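Inspection log for the structure reproduced underneath, given as structure tokens.
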Number of protein chains: 2
Amino acid sequence: MTTEASAGGPRRTSEVTKAAILEAARERFASDGYERATIRAIARDAGIDPSMVMRYYGNKEGLFAAASEMDLGLPGLGRLPGKHIGAALVTHFLDRWEADDVLTALLRVGVTNPAGAERMRTIFAEQMIPVAAGVCPDPADAPRRAALVSSQILGMAIARYVLRFPPAVTMSRDEVVAWLAPTLQRYLTAEGA
Amino acid sequence: MTTEASAGGPRRTSEVTKAAILEAARERFASDGYERATIRAIARDAGIDPSMVMRYYGNKEGLFAAASEMDLGLPGLGRLPGKHIGAALVTHFLDRWEADDVLTALLRVGVTNPAGAERMRTIFAEQMIPVAAGVCPDPADAPRRAALVSSQILGMAIARYVLRFPPAVTMSRDEVVAWLAPTLQRYLTAEGA
DNA sequence: CTGGCATGTCAACACCTGTTGGCCTACAGT
DNA sequence: ACTGTAGGCCAACAGGTGTTGACATGCCAG
């Protein structure tokens, strides 16, 4: 896609190739999961030899680690209107989920691969709990509230983007936001326990 | 486990073997997913030769189809107290999820395998939508409401039993019920749209 | 002009997979 | 006693996997 005009020759810089590999890897991991996303297929998509993947990322696990690096971009929401934090969260995640394949790849791999699950736990601990801690009444509850929020978000993602339950796919963005926002709002800000 | 006293000999009936295979298959599919649950490993767990699996179930897909047959046992809930349907649903699913490995296997496989996803869609359509239709105000909304309910239940299952987010694992059954019941109640019975 | 390094390909290894067909053996019916 | 059949094992096939090392080739520095 981004073939630089300066070097019209057949040689490309390693950064370009590495980026192409990462993009192909994300697509394959997202659509096939860890086991069925073969290095050969990823290399073919990236237009290079499989051994290049090994050279740049060591092994398949290293490739996945690089391809699944993810910044949810949530901290900005911490200081938003506390009352509409639920709707903002749902909207943000729908955007993130449809922007690229990283979250879908993460979910598909996390469910069957131990390393993928560990990666998801890390993202949860480092990026979801702080958001909850910033808005919930008692910071000691933050982990539990973050888990509840994550469960609803992951569940909708599975139903809509992975298992493709027809009603979940058909629903409009606004409908999803309207239904889920109050749930997240309650999980984050409800008082008792 | 159930070695019959009548035939103390080395020979067992095919039904016993088939059941042993199914049990081993459910465990392997639940813990490893479709691709990494090898027929060789399943046969080893069942104490027989891999070729027996083929003889009884044709191929790996047939084995999964047999191992993932699932009756959620929900119809009984249809005529229960309409007000506490949310709590009853959460409790019921927590029971079902912890009773055996079938639901976990179904979820793990459904996320990476097309046939598994199709099986989940069928179960959703045949067993979840009718329940929603029986309790929600306008039966035309049943599919959407069932999808919302399923999203929250699947999400909690993933967080608690698959990805094992620590706070989701630590939460007691009663806590999970207390938090999720109002959500499901609203998804099923809320009036607007 | 000539090294050296970076980018890339090719061929192969060792292993594991689903799946198949042939062979053995103990039991039940006659 | 004999035989058919059901339950079971063994060895192998064909294909795909991650991974490795040797070899080629274009580019830039000296």
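These numbers come from the heavy atoms of this one structure, side chains and all, not from hydrogens, waters or symmetry mates. For clarity, every value in this text was computed on a predicted model and none was experimentally measured. Order of the sequence lines fixes the chain letters, A, B, ..., with proteins taken first and strands second; residue numbering starts at 1 for each chain.
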**OP:** Could you tell me the separation between the NZ atom of A/Lys60 and the P atom of C/dC16, rounded to a whole number of Å?
**Re:** 15 Å
**OP:** Rounded to the nearest angstrom, tell me the gap between atom CZ in A/Arg36 and atom C1' in C/dT17.
**Re:** 14 Å
**OP:** Considering only NZ, NE, NH1 and NH2 on the basic side and carboxylate oxygens on the acidic side, decide whether A/Glu23 and A/Arg26 come within less than 4.0 Å.
**Re:** no
Original post:
Nearest nucleotide by nearest heavy atom, which residue falls closer to the 5' end of DNA chain D, B/Glu15 or A/Ile39?
Top reply: B/Glu15
Subject >> Contact check, side chains of B/Tyr34 and B/Glu61, non-hydrogen atoms, under 4.5 Å >> reply: yes
Original post:
Over how many whole Å does the gap from B/Ile48 atom CD1 to D/dA6 atom P extend?
Top reply: 18 Å
**OP:** Could you tell me the separation between the CG atom of A/Asp32 and the P atom of D/dT17, rounded to a whole number of Å?
**Re:** 11 Å
Subject >> Heavy-atom donor-acceptor pair, A/Arg40 side-chain to D/dG16 base, under 3.5 Å >> reply: no
**OP:** Find out whether B/Phe124 and A/Pro167 are in side-chain contact, i.e. whether some heavy atom of one side chain is under 4.5 Å from a heavy atom of the other.
**Re:** yes
Original post:
Can you check the A/Arg55 CZ to D/dG18 P distance for me, whole Å?
Top reply: 18 Å
Subject >> NZ/NE/NH1/NH2 to OD/OE distance under 4.0 Å, A/Arg145 and A/Asp138 >> reply: no
Original post:
Can you tell me if A/Asp174 and A/Ser172 form a side-chain donor-acceptor pair at under 3.5 Å?
Top reply: no
Original post:
Rounding to a whole Å, what distance do you find between B/Met54:CE and C/dT17:P?
Top reply: 14 Å
Original post:
Choosing from C/dT9, D/dG8, C/dG18, which nucleotide comes nearest the side chain of A/Asp49?
Top reply: C/dT9
Original post:
Should A/Thr17 be listed as having a side-chain N or O under 4.0 Å from OP1 or OP2 of C/dG8?
Top reply: yes
Original post:
If you look at every strand shown and take non-hydrogen atoms under 4.0 Å, does A/Ser51 touch a base, only sugar-phosphate, or nothing?
Top reply: base
Subject >> Side-chain N,O (A/Ser14) to OP1/OP2 (C/dA6) below 4.0 Å >> reply: no
**OP:** Report the distance from atom CE of B/Met52 to atom C1' of D/dC10, rounded to the nearest whole Å.
**Re:** 13 Å
Original post:
What is the distance from CG of A/Asn59 to P of C/dC15, rounded to the nearest Å?
Top reply: 18 Å
